[in-house]
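We count residues from 1, following the sequence as given.
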Amino acid sequence: MQKEHQNIWDEACKQLKSILSGDIYDRWIAVIQCLEMSGENMRLAVANDFYKDWLEENYFPMIRKAVMVVSGKEMNISLEVDSTCFDVEKPEPEPDHSPSPLSIPNPFSGNKKPNHNLNPNYTFDSYVVGPANQFAHAAAMAAANSPSRTYNPLFIYGGVGLGKTHLMQAIGNHIASKKPRAKLCYTTCETFLNEYIDSLQNNNVAAFRKRYRKIDMLMIDDIQFLDGKARIQEEFFHTFNTLFENHKQVVLTSDRTPSEMAGLAPRLISRFEWGLVTELGKPDVETRTAILRKKAELLNLNIGHELLDYLAERVSSNIRSLEGALIRVATFMSLTNQQVDIQKVDELLHDLLDKESQAAISVDVIQRTVAEHFDLRPSDLTSKKRTKDIAWPRQIAMHLSRTMTDQSFPVIGEQFSRNHATILYAHDQVTGKAKDDRALQQTIAILKDKVSKNCAKAL
């Protein structure tokens, strides 16, 4: 079995090597090890979480397709972190000299140069600028050229997959190229939290504090995970103060503004807003097209502009989904030696395109559509007014928000200035009445059609 699964993985790697450039293959695919294959399950391993996250976000569909082509069947592939597979020549650390996270061994080569955990592909040169990210890009450039002197902290917020991590790491890579001796640290809020917990358990908090407070620049992704965690907020508060007072740059990303984090201490909100809070919006179709063309050029993909334009029009939710769609189409073309047309793209991406249609529908659009239909103002639906001519359309809007989006009851409640129980009640009320009320069924159908059309206009 060992030989069989290794042969399958080796053949899959040959397929991937024929698709990807040599540098990308060596950097991201050659470092993967196949641990086990049993039936329709295959376990792959990489050295750390950074590899795992990057591969899952960018190359996992390609890996899955290559394995399927070689094995002749759909495989359930899991990617896990197993550093023991990659520590063959790693010496035992000396007592009381535990390695710093700022000096992670570089898996790309045999040298001992420190790695700041930055993705070398995340640079300003590879970042496509458009109207939705122009200001954030300019702020990031300013922070990179004059760290701690312009915007400190720099707080970048926006939805999933819009390029927050890319922009933040571009700052780090820019500084690293200009000042190789600078002590930089990129990490996620989850990693920061886990390391703090480990330091408490091992009675080694002093080492943790030294690790994060004796650096020149701290970059933390997804800082919203501090929300509601009082003890780690206290620790981060003092870490932030130490860095700020010593004129060290802090860059943070989040999916929301500081003031929108209900469980964040007021003093942290204040500090996060000391520097600059800037938003990354969804890219327009021209920017999405430019992103696809640059990505295709970097990966040396032979895909016509007509198809790239079509992908840019259809995939609008975020950049991550956009690049994933491109890789999926390119993988199919490479593995089958077939050219694809728009109809084939629709077949290949039907699941993604269905999600895109769903993602395009927002509670805000539903509120505006329902308000217009019942000759109300959108603000009436979020007001405290309880008159029948407002309360019933409000319940219908709540029902549509639950059925036409993937938002949870609490999230929908926030957008109606209500609690989740009110949304649940409204949803059940409308659902129950619609079973026997043909006129209500027709009204809901008309509203759904109007919402879809309004969303299509907004794209």
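Around atom CD of Q442, no more than 12 heavy atoms belonging to other residues, nucleotides or ligands sit under 6.0 Å away. No more than 12 heavy atoms of other residues, nucleotides or ligands sit less than 6.0 Å from atom CD of E190. The environment of Q441 atom CD is dense: over 12 non-hydrogen atoms of other residues, nucleotides or ligands sit within 6.0 angstrom. Counting non-hydrogen atoms of neighbouring residues, nucleotides and ligands closer than 6.0 angstrom, the NE2 atom of H238 exceeds 12 such neighbours. Other residues, nucleotides and ligands contribute over 12 non-hydrogen atoms within 6.0 Å of the CZ atom of F60.
Taking the six-membered ring for Trp, W392 and F374 have ring centres at least 6.0 Å apart. Aromatic pair Y212/F240: centroids not less than 6.0 angstrom apart.
Checked by atom type and distance alone, the side chain of S146 never pairs as donor or acceptor with a backbone atom of R149 at under 3.5 Å. At distances below 3.5 Å, at least one donor-acceptor pair connects side-chain atoms of N419 with backbone N or O atoms of A421. Between the side chain of N152 and the backbone N or O of V250 there is at least one donor-acceptor pair closer than 3.5 Å. Distance alone, capped at 3.5 Å, places no donor-acceptor pair between the N202 side chain and the N204 backbone. Of the possible donor and acceptor atoms, one in the side chain of R394 sits under 3.5 Å from a partner among the backbone N and O of D380. The closest donor-acceptor contact from the side chain of Q395 to the backbone of A426 lies at 3.5 Å or more, if one exists at all. No side-chain donor-acceptor contact under 3.5 Å links S126 to the backbone of Y122. A donor-acceptor pair is defined here as one N or O able to donate and one able to accept, closer than 3.5 Å; such a pair exists between the side chain of R288 and the backbone of V315. Proximity of a side-chain donor or acceptor of N246 to a complementary backbone N or O of K248 within less than 3.5 Å is not detected. The backbone N or O of R418 sits nowhere less than 3.5 Å from a side-chain atom of T422 that would complete a donor-acceptor pair.
The aromatic rings of F124 and H174 sit perpendicular to each other, their planes meeting at more than 60°, with 30° as the lower class boundary.
A 4.5 Å side-chain heavy-atom check between F272 and L264 finds at least one atom pair inside the cut-off. Considering only heavy atoms from C-beta on, I171 comes within 4.5 Å of L154 through its side chain. With contacts defined as side-chain heavy-atom distances shorter than 4.5 Å, the pair V363/V365 does not qualify. Residues Q169 and T123 have side chains not in contact (no heavy-atom distance under 4.5 Å, counting atoms from C-beta outward). H305 places a side-chain heavy atom less than 4.5 Å from the side chain of R293. When side chains are defined from C-beta on, M404 counts as touching V451, because their heavy atoms get closer than 4.5 Å. By the 4.5 Å heavy-atom criterion applied to side chains, L193 and F225 are not counted as neighbours. With a 4.5 Å cut-off on side-chain heavy atoms, D227 and R256 count as touching.
Nearest heavy atoms, M261 versus F155: CE-CZ, 3.8 Å. I390 and L381 make their closest contact through O-CD2, 4.4 Å (heavy atoms, listed as atom of the first residue, atom of the second, distance). Between L440 and V430, the shortest heavy-atom contact is CD2-O, 4.0 Å. Considering every non-hydrogen atom in both L349 and A325, the closest pair reads CD1-CB, 3.9 Å. Smallest separation of non-hydrogen atoms from I366 and S401: CD1-CA, 3.6 Å. For G163 against I319, the heavy-atom pair with the smallest separation is N-CD1, 4.3 Å.
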Could you walk me through whether V67 and V70 satisfy the side chain to side chain contact (heavy atoms under 4.5 Å, CB included) test, starting with their C-alpha distance in whole Å, then the side-chain angles of each, then the deciding distance to 0.1 Å, before giving a yes or no? CA-CA 5 Å; V67 171; V70 172; 5.9 Å; no
Take D125 and K294 through the salt bridge (Lys or Arg N to Asp or Glu O under 4.0 Å) test and state the conclusion after the steps. CA-CA 10 Å; D125 287 340; K294 175 162 279 193; over 6 Å; no
V46 and W28: side chain to side chain contact (heavy atoms under 4.5 Å, CB included), yes or no, with the steps? CA-CA 10 Å; V46 288; W28 299 112; over 6 Å; no
Using the side chain to side chain contact (heavy atoms under 4.5 Å, CB included) rule, take N117 and T187 through it: C-alpha gap first, then chi angles, then the decisive distance, then the call. CA-CA 8 Å; N117 213 21; T187 189; 5.7 Å; no
Verdict with reasoning, I63 to L16, per side chain to side chain contact (heavy atoms under 4.5 Å, CB included): CA-CA 7 Å; I63 292 171; L16 293 167; 4.1 Å; yes
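Taking CZ of R64 as the reference point, atom CG of N76 lies at 8.5 Å (rounded to 0.5 Å). How far CG of L252 is from CG of L218: 7.0 Å, rounded to the nearest 0.5 Å. Rounded to the nearest 0.5 angstrom, M68 CE and T331 OG1 are separated by 10.5 Å. Distance check, rounded to the nearest 0.5 Å: CD1 of I223 to CD of Q233 gives 9.5 Å. Here the NZ-CZ distance, from K384 to R386, works out to 8.0 Å after rounding to the nearest 0.5 Å. Interatomic distance, CZ of R209 versus OG of S199, reported as 8.0 Å (0.5 Å rounding).
The closest side-chain donor-acceptor pair between H166 and N119, if any, does not fall under 3.5 angstrom. A donor-acceptor pair shorter than 3.5 Å can be found between the side chains of T287 and D284. Using modelled atom types and a 3.5 Å distance limit, the side chains of D389 and T387 yield a donor-acceptor pair. Donor-acceptor pairing under 3.5 Å is lacking for the side chains of Y186 and N173. A donor atom on one side chain and an acceptor atom on the other are not found under 3.5 Å apart for T242 and T239.
Salt-bridge formation is detected for the pair E195/R211: a Lys NZ or Arg NE/NH1/NH2 atom is positioned less than 4.0 Å from an Asp or Glu carboxylate oxygen. A salt bridge does not link D221 to K164: none of the charged nitrogens lies less than 4.0 Å from a carboxylate oxygen. Contact check on E235 versus R213 returns a salt bridge, with a Lys/Arg side-chain nitrogen under 4.0 Å from an Asp/Glu carboxylate oxygen. No salt bridge links E80 with K52; every basic N to acidic carboxylate O contact stays at or beyond 4.0 Å. Under the 4.0 Å criterion applied to side-chain N and carboxylate O atoms, R267 and E234 are assigned as salt-bridge partners.
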